[in-house]
*Asks:* 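Structure below; questions to follow.
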Amino acid sequence: MNTIRRWVVVTAPTDRGEDPRDVLASALTALRDRHPDTTFRTAVLGGSGPAVTTVLDEAAAAGASEVVIVSGQTLHDRKMEAWFRRVVGHWLREQADATGPQVRLAAGLTDTASYADLMSAAIEGPTVPARDTTAPLSSPAWDEVPGFARHVLVCRGPRCSARGGPETARALDDALDARGLGDDDVLVTQTGCMFPCSQAPVVAVYPDDTWYAGLTADRVDRFVGDHLVGGHPVTAWAGARRDRVGETGPGLAG
């Protein structure tokens, strides 16, 4: 009898600046103890954490026969659920090998009878007092805008994250590090959806007002050398765009 090589992927809408692997570490450790034959991973819909498609690729490469995707959120978000389904569907369509793992979607936590138990455990469990000695919302370190020459926006919305955004972001970091360029040279920000999703992965550069379409990881080194260092945008990779405000209309009030 064939052994089911099961993977479970616990998802979050975005990393919100913190890798969900760290947040879920204790829970995943307990789950691994209860299910020693299952491989557990985390993934995010967007942001700088491991993308859903990346983890599905890992599961397929490892020979998983079944992947169960479960939302780690404690509140049901129908919009995010629809996005996860769309991203998983995209991954399934991209698979040339029909022998890959079967992918199944688990019910949300709020759809299970044990959800009330989770809430009760939180209410009845240990609590800590709120305090007014927390770090303030302002800091001298945040008084000034960095002195960068260019601001690079790397889209990590759901579609870009499913179509090469994570690899582009990593390649960009590596290319800048290799040239010794920091935040005071090029400030890189990973963003949410920037909207021209069909051109994924999307990267924009300001103040140059240059938008790139399909800026995959293999193009990043030239992008850094020609544009960010040399000052010459790679026009062949420019994203299609509609007429800008002010070119065909009254423009914005100044």
*Asks:* Would you name the heavy atoms of His151 and Leu187 that are closest together and state the gap between them?
*Replies:*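 Of all heavy-atom pairs spanning His151 and Leu187, the closest is CD2-O, 3.1 Å.
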
*Asks:* Got a second to check how far Asp22's CG is from Leu28's CG, nearest 0.5 Å?
*Replies:*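 Separation between the atoms: 10.5 Å.
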
*Asks:* So does Arg241 have more than 12 non-hydrogen atoms from other groups sitting under 6.0 Å from CZ?
*Replies:*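 It does: Arg241 CZ has more than 12 such atoms within range.
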
*Asks:* Short question: side chain of Tyr212, backbone of Val234 - any donor-acceptor pair under 3.5 Å?
*Replies:*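 Yes, Tyr212 side chain to Val234 backbone: donor-acceptor pair under 3.5 Å.
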
*Asks:* For the pair Thr189 (side chain) and Thr191 (backbone), establish whether a donor and an acceptor sit closer than 3.5 Å, ignoring hydrogens and angles.
*Replies:*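 Checked: no pair found.
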
*Asks:* What pair of heavy atoms forms the shortest contact from Ser71 to Leu109, and how long is it?
*Replies:*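 Smallest interatomic distance, heavy atoms only, reads O-CG, 3.9 Å.
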
*Asks:* Should His227 and His232 count as side-chain neighbours, where that means a heavy-atom distance under 4.5 Å?
*Replies:*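 No, their side chains stay 4.5 Å or more apart.
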
*Asks:* Could you grab the distance from atom CD of Glu66 to atom CZ of Arg6, nearest 0.5 Å is fine?
*Replies:*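 Answer for the CD-CZ pair, Glu66 versus Arg6, is 4.5 Å.
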
*Asks:* Kindly give the cluster partners of Ile123, where membership spreads through any ILVMFWY side chain lying under 4.5 Å from a current member.
*Replies:*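 Ile123 clusters with nothing; isolated.
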
*Asks:* Any side-chain heavy-atom pair from Trp7 and Arg41 closer than 4.5 angstrom?
*Replies:*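 Heavy-atom side-chain distance check passes, below 4.5 Å.
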
*Asks:* Could you give the distance from NE2 (His90) to CD (Gln95), rounded to the nearest 0.5 Å?
*Replies:*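 His90 atom NE2 to Gln95 atom CD measures 9.0 Å (nearest 0.5 Å).
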
*Asks:* What I'd like to find out is whether the side chain of Thr39 reaches to under 4.5 Å of the side chain of Val8, using heavy atoms alone.
*Replies:*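 A side-chain contact under 4.5 Å is absent here.
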
*Asks:* Cluster question for you: counting only ILVMFWY and a side-chain heavy-atom cut-off of under 4.5 Å, with indirect links fine, are Val103 and Met80 together?
*Replies:*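 Yes, same cluster.
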
*Asks:* Just jot down the side-chain hydrogen bond (donor to acceptor under 3.5 Å, both in side chains) partners of Thr216, sequence neighbours excluded, or say none.
*Replies:*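 So Thr216 forms a side-chain hydrogen bond (donor to acceptor under 3.5 Å, both in side chains) with Asp218.
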
*Asks:* More than 12 foreign heavy atoms under 6.0 Å from OH of Tyr206: is that the case here?
*Replies:*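 Yes, because the 6.0 Å sphere around OH of Tyr206 holds more than 12 heavy atoms from other groups.
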
*Asks:* Under 3.5 Å, is there a donor-acceptor pair between the side chain of Ser65 and the main chain of Arg5?
*Replies:*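 It does hold such a pair.
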
*Asks:* Which of these, Val154, Leu228, Leu172, sits in a side-chain contact (heavy atoms from CB on, under 4.5 Å) with Val220?
*Replies:*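 For Val220, the side-chain contact (heavy atoms from CB on, under 4.5 Å) test succeeds with only one of Val154, Leu228, Leu172, which is Leu172.
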
*Asks:* Grab the two heavy atoms, one from Val67 and one from Pro101, that are nearest each other, plus how far apart they are.
*Replies:*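 So the two residues come closest at CG2-CB, 3.9 Å.
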
*Asks:* Can Val205 be reached from Val224 by stepping across I, L, V, M, F, W or Y side chains whose heavy atoms are under 4.5 Å apart?
*Replies:*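 Per the 4.5 Å side-chain linkage, Val224 and Val205 are co-clustered.
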
*Asks:* Shared ILVMFWY cluster between Val229 and Val203, side chains joined below 4.5 angstrom?
*Replies:*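 Yes.
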
*Asks:* Return the minimal non-hydrogen interatomic distance between Ala107 and Val70, and the atom names on each side.
*Replies:*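 That would be O-CG2, 4.3 Å.
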
*Asks:* What's the spacing between Ser114 OG and Met119 CE if we round to 0.5 Å?
*Replies:*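 Reported to 0.5 Å precision, the distance equals 12.5 Å.
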
*Asks:* Is there side-chain contact between Asp77 and Trp83, with at least one heavy-atom pair below 4.5 Å?
*Replies:*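 No, their side chains stay 4.5 Å or more apart.
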
*Asks:* Are any side-chain N or O atoms of Arg150 and backbone N or O atoms of Asp185, one a donor and one an acceptor, separated by less than 3.5 Å?
*Replies:*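 Side chain of Arg150 to backbone of Asp185, a donor-acceptor pair under 3.5 Å: no, none is there.
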
*Asks:* Do Asp143 and Pro140 come close enough that some side-chain heavy atom pair is under 4.5 Å?
*Replies:*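 A side-chain contact under 4.5 Å exists here.
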
*Asks:* Between the side chains of Asp226 and Arg219, is the shortest nitrogen-to-carboxylate-oxygen separation below 4.0 Å, so that they form an ion pair?
*Replies:*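 Salt bridge between Arg219 and Asp226, a charged N being under 4.0 Å from a carboxylate O: no.
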
*Asks:* Which heavy atom in Leu215 sits nearest to a heavy atom in Trp237, and how many Å separate them?
*Replies:*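 Result for this residue pair: CD1-CE3, 3.8 Å.
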
*Asks:* In terms of hydrophobic clusters joined by side-chain contacts under 4.5 Å, are Val87 and Val9 together?
*Replies:*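 In one cluster: yes.
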
*Asks:* How long is the span from the CZ atom in Phe84 to the OG1 atom in Thr11, to the nearest 0.5 Å?
*Replies:*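 Between atom CZ of Phe84 and atom OG1 of Thr11 there are 3.5 Å.
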
*Asks:* Check for me, please, whether Leu24 and Val55 land in the same ILVMFWY cluster - side-chain distances under 4.5 Å, paths through other members count.
*Replies:*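 No.
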
*Asks:* Does the side chain of Ile69 come within less than 4.5 Å of Arg104's, by heavy atoms?
*Replies:*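 They are not in side-chain contact.
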
*Asks:* Taking the side chain as C-beta and beyond, is there a heavy-atom pair between Leu176 and Val188 under 4.5 Å?
*Replies:*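 Side chain of Leu176 against side chain of Val188, heavy atoms only: contact under 4.5 Å found.
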
*Asks:* Can you pull out every side chain to side chain donor-acceptor pair (under 3.5 Å) where at least one residue sits in residues 156-178? Sequence neighbours excluded, please.
*Replies:*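 Every pair satisfying side chain to side chain donor-acceptor pair (under 3.5 Å) with a residue in residues 156-178: Arg156-Ser161, Arg156-Gln190.
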
*Asks:* Please check: side-chain N/O of Thr210 versus main-chain N/O of Asp208, any donor-acceptor pairing under 3.5 Å?
*Replies:*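 Yes; judged by distance alone, with no hydrogens or angles, the pair exists.
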
*Asks:* With rounding to the nearest 0.5 angstrom, report the CH2 to SG distance, Trp211 to Cys155.
*Replies:*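 Going from the CH2 atom of Trp211 to the SG atom of Cys155 covers 8.5 Å.
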
*Asks:* Which heavy-atom pair separates Arg32 from Phe40 by the least distance, and what is that distance?
*Replies:*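 The answer is NH2-O, 3.2 Å.
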
